[in-house]
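Below is one structure, written out as structure tokens; the observations come after it.
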There are 2 protein chains.
Amino acid sequence: MTKFAIVEKITINDIARLTGLSKGTVDRVLHNRGEVSKKSYEKVMSVIREKGYEPNLYASLLARTSHRTIAILLPKPLPGSYWDLAISGVEKATEDERQFGIETALFTYDEFRADSFRDVCTRVLESKPSGVVIAPMFQYETQVFVQELGARQIPYVFVDTKLDSPDGHLAFFGIPSYKSGYLCADMLLQGDKAKEVLIVRIMRDKERQSDPTVLRRAGFQDYMRENNPGCTIRSLFINPTDAEATDEALSAFFEEFPKVRHIVMFNSRIHLIVPYLERYPIPGMRIIGFDNLEANIRALKNGTVSMLIAQHPEKQVQEAIRTLSEFLVFQRKPETPDNHMHMDLLTRYNVEDY
Amino acid sequence: MTKFAIVEKITINDIARLTGLSKGTVDRVLHNRGEVSKKSYEKVMSVIREKGYEPNLYASLLARTSHRTIAILLPKPLPGSYWDLAISGVEKATEDERQFGIETALFTYDEFRADSFRDVCTRVLESKPSGVVIAPMFQYETQVFVQELGARQIPYVFVDTKLDSPDGHLAFFGIPSYKSGYLCADMLLQGDKAKEVLIVRIMRDKERQSDPTVLRRAGFQDYMRENNPGCTIRSLFINPTDAEATDEALSAFFEEFPKVRHIVMFNSRIHLIVPYLERYPIPGMRIIGFDNLEANIRALKNGTVSMLIAQHPEKQVQEAIRTLSEFLVFQRKPETPDNHMHMDLLTRYNVEDY
DNA sequence: GATATTTCCGTTACCGTGCACGGAATTTTT
DNA sequence: AAAAATTCCGTGCACGGTAACGGAAATATC
């Protein structure tokens, strides 16, 4: 039998006794709030180092009256969309961290308008949060915001997209975009070769700069160049808000290129092309998309979509909040700041038990 | 901005004030330790119901001196084996739950000897644990053990394999074996047909009854019957402790059936056939195995193995311990007792970020 | 009705930390 | 050297719950 027992911990009273000081002084040292002579400070610190003091979390939380708030900045989600999944992660994490006196405040912005993001940033700063989670869509504006956070000593964590900042983020949670495109290509071809493949893309006039789908496409193309050089990669642009036009575009495409049997989309909207394909099924078609949206999963279950690569935004956000909470409560930093999360492969046969 | 705020909670002092009793009496009611008149009991209960009292966890844990121990029964792991992964989950969970005053005690037994399991069971009972996690390999012996646990009011959770017990388990964490075999077949064929496939099996004289590989094989065979009826399923038995004999067996097999291009193993030991296949590579071979053992992952990364279906025993155990801890500390039961966990598909391109 | 039992309940001392308050010790000023 | 200003430090209560202890109230015994 192996026992993983609990080691006896030292208390601030013990430290007070050992140093001949009072617990008030020990407390001042522990929290760096001054009013302590150098001599006393050193005495306390040496005992702490020697005995390895760890504060009692319960006593600390019990005694502390104030709650701390973590602000979360996400693109405003449409129902059932990618960011809607992230929100469910916020809710879950809020429950989990409540026990540590952590509250959350969700701020959403228009992911295609930089001014909307700027607005939200100032509102976040006004709310004086203890920590911030950011899904950054605008490089420059985020840089400015993050600099301000650094100046105010407010820790922040990135999700979805990383942004190297001078002051340094506490952590990042996302998936490696380039590699996900590479993986996508591998899963699409399954070791075979293809003559033609189709990438369905969404057109929009966008102010937004950091777009993971660009990197995914690059990874996809590199895989093709290396493993299937004879393949023609075709692109088709659709309008996400006009289902009829989408159907027509697809119809026209397949009239022109009837031999295409492989389709991918690098954003989370594979479900947009599903209605057409269900109405006019093409045997032997292999379709891969991204992310575990409800609509995507339905298409996966009924066989229209072959596979989904899920990055699980809900988990990313949850981890981000957990990390921030741990830092605020235990002042513990994550071992590795940059955490590339697992890309989960979903098929109709393993999606149910998720 | 959406706020997920913290609701104000009522304390036992509030209850004492509202009922005109003392907090000692309130405490007696809350813990059902008698010495309270019916009249007072009702007064307290009605206030609790009305105001929705929830105890303050920190205060409770701070005041409580005693620690509780969770016993964990697993097959004795060989280094780098399936059960070794589970152990890492035990270690992780122990860290996580330590903060709640939970200790763990690991008991291992010989998974092929029922008497070894019986021995361990009695030792577990002697240790008087507050809760038990069991990976059951022996149907009857487990039934007996579990009955005894029920009689002593000790909650227990199954991992890996479920066993319907009369008294009822608190929870179960595992993957659906039959479905994993079905999924495996789908991933092996990738929509194509095959003339022949090979199942490599391990022979052993076993006392053990509940073997998930049997169910996996059934799922695999059913998939084949439904989607690829013309396929011949061949079996090859190897000796896990004799690498040379394994190589010879494989060599003989491929001499007799040189056209086979699909191999699966339903246990976690796909790595056993890797050395042979690396020495005598066969182009176009597709190989699928189970579980994220170090050796398997190496073979996945260098391309010998095409895919692994991972059930992540470390997560199963971790969840099991967490559930038990939550029950002991918060007296909260899981929403659903039976939790089929996600079957994770690993390829060389998504295994790194795990 | 006095005494012995039993039932019931209030008091109190913790658990370990946070933090405000007031005062002692030390340094600066005059 | 005395007074004023700082610096430094100890005391004590609060946080919410646990549980032992002893005594008051209610009931039983003779």
Side-chain angles (χ1 to χ4, degrees), chain A residues 6-45 47-48 51-68 98-102 130 328-331, chain B residues 6-45 47-48 51-68 98-102 130 328-331:
Chain A
I6 292 178
V7 291
E8 281 314 314
K9 286 185 177 178
I10 207 176
T11 73
I12 65 167
N13 284 308
D14 295 329
I15 299 177
R17 203 165 23 76
L18 289 168
T19 56
L21 295 161
S22 75
K23 59 181 197 147
T25 307
V26 176
D27 187 62
R28 272 183 286 268
V29 172
L30 287 171
H31 292 84
N32 273 323
R33 42 190 169 89
E35 312 201 355
V36 177
S37 67
K38 259 168 287 173
K39 210 196 300 175
S40 302
Y41 183 88
E42 278 310 324
K43 258 200 270 185
V44 172
M45 286 307 281
V47 171
I48 288 176
K51 303 281 182 178
Y53 169 76
E54 277 183 42
N56 182 312
L57 184 64
Y58 316 134
S60 174
L61 287 171
L62 178 61
R64 180 161 19 215
T65 56
S66 62
H67 295 159
R68 326 184 102 146
R98 181 191 318 251
Q99 54 174 319
F100 298 120
I102 297 287
S130 303
L328 294 173
V329 178
F330 300 79
Q331 49 238 64
Chain B
I6 292 177
V7 291
E8 283 313 316
K9 286 184 179 178
I10 206 176
T11 73
I12 66 167
N13 285 307
D14 295 330
I15 299 178
R17 203 166 22 76
L18 289 169
T19 56
L21 295 160
S22 74
K23 59 181 198 160
T25 306
V26 176
D27 187 61
R28 272 183 285 268
V29 172
L30 288 171
H31 292 83
N32 272 322
R33 43 189 171 88
E35 311 200 354
V36 177
S37 68
K38 260 168 286 175
K39 208 196 300 175
S40 304
Y41 183 88
E42 278 310 323
K43 259 200 269 184
V44 172
M45 285 308 281
V47 171
I48 289 176
K51 304 280 181 178
Y53 169 76
E54 278 183 41
N56 182 314
L57 183 65
Y58 316 133
S60 174
L61 287 170
L62 179 61
R64 179 163 21 215
T65 56
S66 63
H67 296 158
R68 326 185 101 146
R98 180 189 319 250
Q99 54 173 320
F100 299 120
I102 297 288
S130 303
L328 294 173
V329 178
F330 300 77
Q331 49 238 65

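Here is how names work: the chains are called A, B, and so on, in the same order as the sequence lines, proteins then strands, and each is numbered from 1. The basis for the numbers below is simple: all heavy atoms, side chains too, and nothing from hydrogens, waters or symmetry mates.
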Checking all strands, does [X] fall into the base, sugar-phosphate, or nothing category for heavy-atom contacts under 4.0 angstrom?
X: A:L61; result: nothing
X: B:N56; result: sugar-phosphate
X: B:L30; result: nothing

Counting only side-chain nitrogens and oxygens, does [X] get under 4.0 Å of the OP1 or OP2 atom of [N]?
X: A:Y53; N: C:dG16; value: no
X: B:H31; N: D:dT18; value: yes
X: A:S22; N: D:dG10; value: yes
X: B:S60; N: D:dT18; value: yes

Roughly how far apart are B:L21 CG and B:I12 CD1, rounded to 0.5 Å?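 Taking CG in B:L21 and CD1 in B:I12, the distance rounds to 12.0 Å.
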Let me confirm one number: the NE2-CZ distance from A:H67 to A:R98, rounded to the nearest 0.5 Å. 10.0 Å
Correct closest heavy-atom pair for B:K23 and B:A16 would be N-CB, 3.7 Å
Ignoring hydrogens, what is the shortest heavy-atom contact between A:S130 and A:L328? Give both atom names and the distance.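 What the structure gives for the nearest pair is O-CD2, 3.4 Å.
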With a 4.5 Å cut-off on side-chain heavy atoms, are A:F100 and A:L57 touching?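 Side-chain contact under 4.5 Å: yes.
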Distance check needed: [N] [atom2] versus [X] [atom1], whole Å only.
X: B:H67; N: C:dC15; atom1: NE2; atom2: C1'; answer: 12 Å
X: B:E35; N: D:dA24; atom1: CD; atom2: C1'; answer: 14 Å
X: A:R64; N: C:dG16; atom1: CZ; atom2: P; answer: 17 Å
X: A:R17; N: D:dG10; atom1: CZ; atom2: P; answer: 15 Å
X: B:R28; N: D:dG22; atom1: CZ; atom2: C1'; answer: 12 Å
X: A:I12; N: C:dC15; atom1: CD1; atom2: C1'; answer: 12 Å
X: A:D27; N: C:dC21; atom1: CG; atom2: P; answer: 16 Å
X: B:L62; N: C:dC14; atom1: CG; atom2: C1'; answer: 9 Å

Under a 4.0 Å heavy-atom cut-off, which of residues 36-45 of chain A touch DNA chain D?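 Output list: A:V36, A:S37, A:S40.
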Could you work out how much the helix from C:dG1-D:dC30 to C:dT30-D:dA1 bends, comparing the axis of its first five pairs with that of its last five, to 10°?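 Comparing the axis at each end, I get an angle of 50°.
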Any donor-acceptor pair under 3.5 Å between the side chain of A:K23 and the base of D:dT11? no
